[in-house]
Amino acid sequence: MQQDSSEHYLLRDLNPQQQDAVRHVHGPLLILAGAGSGKTTVITRRIAWLIDEEGIPPASILAVTFTNKAADEMRERVQRLVSVPAQQLWVSTFHSFCTRILRREGDRTPVGRDFVIFDPSDQKSLVKQVLAELKLPEKQFHPKKVLELISDFKNRCLLPEEAREEAMDPWTRKLMDAYELYQKGLKNSRACDFDDLLLHTERLFRDGALQEVYAQRFQFLLVDEYQDTNRAQYLLVQHLAKRHHNLCVVGDEDQSIYGWRGADIRNILDFQRDFPEAMQIKLEQNYRSTQKILDAASTVIANNTQRLGKTLWTDRGSGDYLTFKLVDEGRLEADWVVQRVIEEKQSFPGVRIAVLYRANWQSRQLEEALRAVNLPYKLVGGVKFYERQEVKDLLSYLRLVANPFDLTSFRRAVNAPSRGVGPTTLAKIEAAIPEGGTPLEGMAVLLRSGALKGRAQRELGKWVELFRRVSHEREHLGLAALVRWMLVESGYAQSLEDEGTLEAEGRLRNLEEFVSAATEAESLGLRLPEFLDRVTLASDADDVEEAAQLSLMTIHCAKGLEFPVVFVVGMEEDVFPNRNARETDEGLEEERRLFYVAITRAQRKLYLTAARRRRIFGTEMLGMPSRFLRELPAETLASPIRWGTELYQAEQGAYAAPPNLARGGGTLSVSSELQRIRGFFDRVKGIAEREEPDEAAAALPQATASISKAATAWANGTRVTSPRFGRGMIVASTGSGDGLTYTVRFADCGEKRIVQRFGMLEQE
DNA sequence: CCTCACTGCATTTTT
DNA sequence: TGCAGTGAGG
């Protein structure tokens, strides 16, 4: 029996653990899939096994992933494996799954079935409106922070009234008012934000009867990237699995990197507690990387405590050493990476290379360096296509067609192109909206009342007419034709043509591209609402071109991908690990997991780089090598990373005449450069004691200056004391003369900005 | 009511 | 550095 089944085409070339996972049918199953362990193969074959071997109808299987791309790929691969049509198989992201449910069952939610999905920019404008209405100053109630808090509550499935119970202090109470009003705004606009999709669906499934319907429907559940689920997603899965327990979750606790978005690593750590009868399979054989890369990854991640524990191994041989490069300055880092890229491409024509970084801003310098040598690259992330102003403008028209209650889109569309409708007119329109009516109706009322003057009356009259006409046109126009019709009839295209600038031309081209996207969607059978859903739920990770020769992206975006050659840049404290994460153990562990993800993307060659100095928004910042570098085992590195004097002596020449100073024409003097090195050096060694100054430094007045009236700015890294804050170190400076201001990192009270003229700083 | 210019401030990571 | 938010002028 065993012998026979291992010959099965769905089990071919699988290791024993993988085969066990594929053959598992009933009951809960936890697959702990290490990086590069053939996870997707196992999942798709298991689904195929259920369908072809067990005769489970595809319609009873639900597989959930985190990105659309992963879902598409999974569906395709399953379809290639099975003999029956698999269209009925549900493979989707959590968010699109919930959208589908809400479009069917939405009558029971506050927003009905014809809701629109608000993207982050819509959310922002709504929350700003709410803050204004509550007279909460944006200085204290930063819109982004408020939204983050609201999102936190939603991810924990708490509605305003429930969240309020937790709110003790007046500040949080005020925030709860904002949350409540925000939800009201969404309801009035018949809109869901991303979190609402999960929240509302989870609420629906609390209803026993409805839960029963869907639990019956989806007899077999599969959740990919289970370590990234948040509370709402967790509950959603529990509701559906409660009845039959046919739940297979796949994940890797070491790759849990979305804690900041509400993901709860405990979901995977506690799976065995939730389902004591669960079978657990560990996939530890890695088919991606060389042993050196795996050793580095394993050693690093072993520093984490929140793990179930896995050890990756491979039979692919030990491979190349990792290469670490420390450079003087950010720009040199980019140059160095570009040179290595060129070399790699020469040695291995057609090789795919990825440059990974912690945050999107780090791509800029890389892009500049790449453009300087005309090296083509693909940038993933950053400003999304659908977030461009012109695309959002056109979208606001289309959304208004799909859902006339959408006030946010109304506000946007009514002034795109500008029709002279400002806050005053807008307020009048909104006041005129009849109870339970739409903004358009409000506008119609206002027009009839004759409260508007000549031009506005005419313009807006035409505008109302536009939407009256579109309801007719909609019936006999296809999706693409409808989009184009709107683009022309709204006058938006014309207004761009009238501008005649190069920029406007580019915008028109983007809109053309948008129309072709609609054409493509139409050919897939999508109608306007589904098209709009798809557009807003599209993510960065979805448009990764894996075939690209050279890709630049964040590590988050790179999860699930692999590249023969990988660069991880910006290996500095406060960059990676990110400065916001260094305070807590959980934060640091998540950063470490992120580093683990980065390392394990590499198949055969891994480069790591750091810069001593870096311009971060205009000011020179002094960096310290990332603590994660210390965690790398020396045996995996081409040359040891030396901490202490050697690190700098090796490139002493570079300091004597830093080449970038001449080029940059910067304000830095060689002396301040020397102080920089010294301060940096001290920090790396972690000692307070100073070495004897060398001749060059001794000859410089600043080196011995001890009063705050120094003629020249102190260098970053200079140790100072302040009568108010105690001992600290200069980490940045701006301005000059009387305006000269330092950012000083104090041992006891964090970073302060101190104007030199008043701060009474003394050099230590 | 729009546009331009200035200033002050900010960067995680994304469905 | 660059963007967004603010304020003055047209």
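Bear in mind that the values here come from a model prediction, so they are computed numbers and not experimental data. Order of the sequence lines fixes the chain letters, A, B, ..., with proteins taken first and strands second; residue numbering starts at 1 for each chain.
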>> I need the CG-C1' distance between A:Leu147 and B:dT13, as an integer number of Å.
In response: 17 Å
> What is the nucleic acid contact for A:Phe66, judged by heavy atoms within less than 4.0 Å: base, sugar-phosphate only, or nothing?
Replying inline: sugar-phosphate
Extract from the structure each pairing of a protein N or O with an N or O of nucleotides 2-7 of chain B at less than 3.5 Å, listing the distance.
unit_1 : atom_1 : unit_2   : atom_2 : d
B:dC2  : OP1    : A:Val421 : N      : 3.4

> A:Phe94 on top of B:dT15's base, within under 5.5 Å and under 30°?
Replying inline: no
> Roughly how many Å is it from CD1 in A:Ile555 to P in B:dT13, rounded to a whole number?
Replying inline: 11 Å
> What is the distance, rounded to the nearest whole Å, between atom CG of A:Asp533 and atom P of B:dT15?
Replying inline: 16 Å
>> Within the 3.5 Å criterion, strictly below it, is a donor on A:Ser409 or A:Arg399 matched to an acceptor on the partner's side chain?
In response: yes
>> Could you check whether atom CZ of A:Arg231 has more than 12 heavy atoms from other residues, nucleotides or ligands sitting under 6.0 Å from it?
In response: no
>> Please report the distance, rounded to the nearest Å, between NE2 in A:His556 and C1' in B:dT13.
In response: 4 Å
> Which of the following nucleotides, C:dG2, C:dG5, B:dT14, is nearest to the side chain of A:Lys124?
Replying inline: C:dG5
> To the nearest 0.5 Å, how far apart are CD in A:Glu586 and CD in A:Gln306?
Replying inline: 7.5 Å
>> Using whole Å, what does the distance between atom C1' of nucleotide B:dT12 and atom CD of A:Glu591 come to?
In response: 8 Å
> Is a side-chain donor-acceptor pair under 3.5 Å present for A:Glu572 with A:Ser626?
Replying inline: no
> Nearest-Å distance, NE2 (A:His142) to C1' (B:dG8)?
Replying inline: 13 Å
> Which one, C:dG5, B:dT14, C:dT1, comes nearest to the side chain of A:Thr554?
Replying inline: B:dT14
> In whole angstroms, how far is the P atom of B:dT14 from the CG atom of A:Asp122?
Replying inline: 19 Å
> Quick one: A:Tyr226 OH to B:dT15 P, roughly how many Å, whole number?
Replying inline: 21 Å
> What integer number of Å spans the P atoms of B:dT13 and C:dA4?
Replying inline: 15 Å
> Which distance, rounded to the nearest 0.5 Å, do you find between the CD of A:Glu329 and the CD of A:Gln365?
Replying inline: 6.0 Å
>> Of the options B:dT15, B:dT12, B:dT14, whose atoms approach the side-chain atoms of A:Trp260 most closely?
In response: B:dT14
> Which is true for A:Lys69 with a 4.0 Å heavy-atom rule: it touches a base, it touches only sugar-phosphate, or it touches nothing?
Replying inline: nothing
> Hey, are A:Lys39 and A:Glu225 close enough for a salt bridge, meaning a charged N less than 4.0 Å from a carboxylate O?
Replying inline: yes
> Of A:Ala581 and A:Thr65, whose nearest nucleotide on DNA chain B comes first from the 5' end?
Replying inline: A:Ala581
> Which part of the nucleic acid does A:Asn68 contact within heavy-atom distance under 4.0 Å: base, sugar-phosphate only, or nothing?
Replying inline: nothing
>> Can a donor-acceptor pair be found, under 3.5 Å and without considering hydrogens, that links the side chain of A:Asn403 to the backbone of A:Ser189?
In response: yes
> Across the strands shown, which category fits A:Lys559 at heavy-atom distances under 4.0 angstrom: base, sugar-phosphate, nothing?
Replying inline: nothing
